[in-house]
Amino acid sequence: MGSISRPVHATDFAEHVRLMSADSDFRFSEEYEDLKQVGRSQTCISADLPVNRAKNRFTNILPYDHSRVKLVPVDDEDGTDYINASYIPGFNSPREFIAAQGPLPSTRDHFWRMVWEQQCPAVVALTKCVEKGRDKCHQYWPDRSELSLTYADIEVTMMNETTYDEFVVREFRLTHLSEAGTPSRTVKHLHYMSWPDFGVPEKASGLVHFARVFRQKVPPSKTCKPTVVHCSAGVGRSGTFIALDRLMQTIPTAEPFDIFGIVYGMRKERVCMVQTEQQYIFIHHCLLYVLEGRENDTGY
Ligand SMILES: CCc1ccc(NS(=O)(=O)O)cc1
């Protein structure tokens, strides 16, 4: 079935999920299959340059040329503007987010340059650094013992760190060491630790709570500076989180929910956003959880 928009009103949503889930999620499988080729004809020429190959964690998860984030080039050298990261639309603006792969040891400095140059107010991390003995993301921030580390002329200092059941919230101060006189900046770091790669969190409530804390700490900004969202490849868990944030902000507007259209739109910007059918279904379950709890709740 065609169309890039499949809106469902809040009053019909529970019944819609029930119908889509019937016969072992038969209609969810059909709908998710309709997203398979979206965006795939677009080019990734920069990502594929030999000079950039080692900057990609996965050879099959590359940013499209048209939506990739460009670093300020260094001495006009080839490849110095490259990072595996893509602008993604949100509820509030067409470039509300940057979906990025988890930094590698060789791209950690590029990551902080991106955060500085794009004036990002926050970073949402959705993976542990190591999961089941596999490296998923290089630890790109100082921990309590070091407090301050410098990456590419940017000094990153941990100002505070608060640990909750399923996530950690940190606050970093960024000081550019070679831009004398430029004020230091604060970047919030929200780190969700309970989301297995290729899977979904055990319960919708944990991720919904995390998404609410994110919006309490990082309200929609008038400056429209992008929030970085990363996991390991920057597509599965990152796409799922961005979709959920957008839907939770839709609730108070009484507009219909267009989960198919949101994922369609994200996949035009970055490959594989919401990487599994289970993640696609989980977005629906998170929204149901919020809607069911809404009667005794204000806002989203
Ligand atoms: C095979 C490349 C690949 C690895 C990991 C993931 N998961 S993630 O995007 O949620 O980090 C997605 C794709």
Side-chain angles (χ1 to χ4, degrees), residues 32-33 35-40 42 44 47-48 52-64 67-69 83-90 97-108 110-111 114 123-141 166-167 189-204 206-207 210-211 214 226-246 259 262-286:
Y32 188 69
E33 186 67 18
L35 291 161
K36 198 174 181 121
Q37 293 309 322
V38 174
R40 300 307 299 259
Q42 301 173 114
C44 305
D48 252 335
N52 291 329
R53 288 228 177 104
K55 301 171 187 174
N56 298 313
R57 186 176 282 277
F58 303 103
T59 54
N60 59 335
I61 305 293
L62 304 178
Y64 295 127
S67 53
R68 75 181 180 93
V69 177
I83 185 168
N84 190 313
S86 314
Y87 292 108
I88 304 295
F97 295 100
I98 289 172
Q101 73 178 15
L104 294 158
S106 63
T107 64
R108 180 187 59 188
H110 308 152
F111 182 84
M114 175 175 74
V123 173
V124 173
L126 300 171
T127 185
K128 288 193 280 195
C129 292
V130 181
E131 291 175 356
K132 296 181 184 167
R134 287 173 178 267
D135 285 341
K136 296 287 179 173
C137 176
H138 179 72
Q139 179 166 328
Y140 53 87
W141 64 90
E166 298 190 330
F167 58 90
H189 193 250
L190 297 99
H191 191 180
Y192 192 75
M193 312 282 283
S194 306
W195 196 338
D197 201 353
F198 307 109
V200 294
E202 269 174 41
K203 291 186 298 176
L207 188 64
F210 178 72
F214 163 64
T227 288
V228 177
V229 180
H230 79 77
C231 35
S232 185
V235 295
R237 292 168 284 185
S238 297
T240 304
F241 175 82
I242 292 170
L244 178 59
D245 174 69
R246 196 162 165 180
I259 296 175
I262 286 172
V263 179
Y264 190 105
M266 290 198 292
R267 286 194 172 195
K268 297 288 278 184
E269 308 306 320
R270 188 170 172 89
V271 69
C272 294
M273 292 294 275
V274 185
Q275 192 222 2
T276 69
E277 182 184 308
Q278 187 191 25
Q279 289 170 348
Y280 188 73
I281 295 171
F282 184 67
I283 294 168
H284 293 74
H285 291 164
C286 287

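Order of listing sets the numbers, starting from 1, for every ligand and every atom in it. Because the structure is a prediction, the values reported are computed rather than measured.
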Closer than 4.0 Å to some heavy atom of [X] - which atoms of ligand 1 meet that?
X: Ser232; value: 11 (O)
X: Gly234; value: 9 (O)
X: Cys231; value: 8 (S), 9 (O), 10 (O), 11 (O)

Tell me whether [X] has any N or O atom under 3.5 angstrom from an N or O of ligand 1.
X: Gln279; value: no
X: Asn60; value: no
X: Val235; value: yes
X: Arg237; value: yes

Provide, to 0.1 Å, the distance between [atom] and the closest protein heavy atom, together with that atom's residue and name.
atom: atom 3 (C) of ligand 1; answer: Ala233 CB, 3.7 Å
atom: atom 7 (N) of ligand 1; answer: Asp197 OD1, 2.7 Å
atom: atom 9 (O) of ligand 1; answer: Gly236 N, 2.8 Å

With ring centroids as reference points, do Tyr140 and His230 lie under 6.0 angstrom apart?
-> yes

Centroid-centroid under 6.0 Å between Tyr192 and Phe241 rings |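 No, they do not, as the ring centres are separated by 6.0 Å or more.
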
Please tell me if the side chains of Val228 and Phe111 come closer than 4.5 Å, counting only heavy atoms from C-beta onward.
-> yes

Would you say Gln139 has more than 12 foreign heavy atoms packed within less than 6.0 Å of its CD?
-> yes

Inspect the contact between Glu277 and Lys36 and indicate whether a charged nitrogen and a carboxylate oxygen are less than 4.0 angstrom apart.
->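 No, this pair does not count.
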
State whether the side chain of Arg270 and the backbone N or O of Ile98 hold a donor-acceptor pair below 3.5 Å, judged by distance alone.
->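 Such a contact is absent between Arg270 side chain and Ile98 backbone.
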
What's the spacing between Ile259 CD1 and His284 NE2 if we round to 0.5 Å?
-> 3.5 Å

